Amino acid sequence: MKIKRKNIWITGAKAVAGGIILIIALFPIYWLLLMAIRPANQNMEAISLIPRGITFQYFRQLFQDKGFDVALKNSLINSIVSLFFSLVLGLCTSYVLARKRFDFPVRKPMTGWIFLIRILPPVAFIIPLYIIFGKLGILETRLPIILACILINLPLVIWFMLTFFKDVPEEMEESAKMDGASEWQIFFKIILPLVLPGIAAVAMLSFMYSWNEYTYSIILTRSPKNYTIPLALAVLNTEDNVTNFGLVSAGGITSFLPMALFVLFAQNYLISGLSSGAVKE
């Protein structure tokens, strides 16, 4: 009986602690939402936890006057295109590096160089990239941001997927080869379905980085028509350079919502992908 009561108390304590942590984690998002839907006069007064009125004027202003829809479109295009090429190149490269039968002289130096690119801060590549893109004459397009995101995401995909490919037994591939399967058939029909949780996890991480990328965007983007969401948020000031907190909050909610929905519906893949290989039997 005592053990049962003890278990009840432990369960209750865990529930309370979990609830407190959840409130602390979600409170900034709740506060951001409150500032986005409060009328302007309430944001200048003493702020309460429950708004006395609700307005969507900031969201209307965001899309009608500030052109936030253009930034939203640019961020979607940049994130999706860079993710596609990062996955295509990264999955093929990591599979080749994970299999001994694809041995070649510069395999180990190549692996080390890929990891080094991931370890170095993104700011280390800005000057050479700016010079290269300037000579190519593409600074007035969204292409520099896409290429910069690929540069950062590609090593992440390779590094992340190497472990997944190494965990797949090579005997399965040898058996498929004996049945007459080609290398591409083995890769697409046997290997990729087995590492799907890892692909989903690294795809979300890469997409999140591209979606939130700011450092390259602010340097490599010259025209407002190529602004991404982080850049559009950064310039949401009034003519007197006074921050309009309601407008910025509406922009923050708008930029946060797509990623939140994306992670919410794919959280099972993300959890299983990040936890796979953590415990060895």
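Note that the structure is a prediction, hence the values are computed from the model and not measured.
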Determine yes or no for a side-chain-to-main-chain donor-acceptor pair under 3.5 angstrom, with T221 supplying the side chain and I218 the backbone. no
Restricting to non-hydrogen atoms, name the atom on F133 and the atom on P144 that form the minimum distance, rounded to 0.1 Å. CD1-CB, 3.6 Å
Not counting sequence neighbours, which residues clear side chain to side chain contact (heavy atoms under 4.5 Å, CB included) with V16? List them please. I20
Contact summary for A203 and L83, nearest pair of heavy atoms: O-CD1, 3.6 Å
Should Y214 and V123 be regarded as members of a common hydrophobic cluster, given that ILVMFWY residues are connected when their side-chain heavy atoms come within less than 4.5 Å of each other, either directly or indirectly? yes
In terms of hydrophobic clusters joined by side-chain contacts under 4.5 Å, are W184 and M172 together? yes
Taking all non-hydrogen atoms of both residues into account, name the closest pair between A181 and I186 and its distance. CB-CG1, 3.9 Å
Do you see a donor-acceptor pair shorter than 3.5 Å between the side chains of T228 and N78? no
Donor on one side chain, acceptor on other, S206 and S86, under 3.5 Å: no
Can you sort out the partners of V195 under side chain to side chain contact (heavy atoms under 4.5 Å, CB included), two or more places apart, ordered by chain and number? M161, F164, F165, V168, L192, I199
Can you tell me how far apart CD1 (I138) and CG (L136) are? Round to the nearest 0.5 Å. 5.0 Å
A250: side chain to side chain contact (heavy atoms under 4.5 Å, CB included) partners, not counting sequence neighbours: A36, Y58, F59, L62
Same cluster or not: I54 versus L32, using hydrophobic residues (I, L, V, M, F, W, Y) connected whenever any side-chain heavy atoms lie under 4.5 Å apart? yes
Determine yes or no for a side-chain-to-main-chain donor-acceptor pair under 3.5 angstrom, with W211 supplying the side chain and I229 the backbone. no
Enclosure of F85 CZ (heavy-atom neighbours >12, cutoff 6.0 Å): no
Quick check for you: to the nearest 0.5 Å, what is the distance between K66 atom NZ and L233 atom CG? 12.0 Å
Heavy-atom closest pair (E213 atom, T215 atom, distance to 0.1 Å) is OE2-N, 3.1 Å
Spacing of OG belonging to S79 relative to CG belonging to N74, to within rounding of 0.5 Å: 10.0 Å
Could you check if a side-chain atom of L156 sits within less than 4.5 angstrom of a side-chain atom of Y209, using non-hydrogen atoms only? no
Got a second to check how far I127's CD1 is from I219's CD1, nearest 0.5 Å? 8.5 Å
Give me the ring orientation class for F63 and F68: parallel if the planes are under 30° apart, tilted from 30 to 60°, perpendicular past 60°. perpendicular
Kindly determine whether F187 and C92 satisfy side-chain contact (heavy atoms from CB on, under 4.5 Å), including the steps that lead there. CA-CA 9 Å; F187 181 64; C92 294; 4.2 Å; yes
side-chain contact (heavy atoms from CB on, under 4.5 Å) assessment of Y95 paired with L162: CA-CA 7 Å; Y95 178 66; L162 263 175; over 6 Å; no
Inspect the surroundings of CG in L257 and state if more than 12 heavy atoms from other residues, nucleotides or ligands are less than 6.0 Å away. yes
Of all the heavy-atom pairs spanning F160 and G198, show the shortest one and how long it is. CE2-O, 3.6 Å
Going by heavy atoms in the side chains, are K73 and D69 under 4.5 Å from each other? no
Does the pair L147 and L220 meet the rule for a side-chain contact (heavy atoms from CB on, under 4.5 Å), with working shown? CA-CA 11 Å; L147 294 176; L220 300 177; over 6 Å; no
Please report the interatomic distance CH2(W31) to OG(S249), rounded to the nearest 0.5 Å. 10.5 Å
Would you say that more than 12 heavy atoms from the other residues, nucleotides or ligands in this model lie under 6.0 Å from the CZ of F84, or not? no
How many angstroms lie between CD1 in I191 and CD in E173, if you round to the nearest 0.5 Å? 3.5 Å
Same cluster for V70 and L231 if Ile/Leu/Val/Met/Phe/Trp/Tyr side chains link at under 4.5 Å? no
Q185 to G180 - nearest heavy-atom pair and separation: OE1-O, 4.1 Å
Can you list the steps and then say if V202 with L87 is a side-chain contact (heavy atoms from CB on, under 4.5 Å)? CA-CA 9 Å; V202 78; L87 286 179; 4.1 Å; yes
Starting from L247, can I reach F256 by hopping between I/L/V/M/F/W/Y residues whose side chains sit under 4.5 Å apart? no
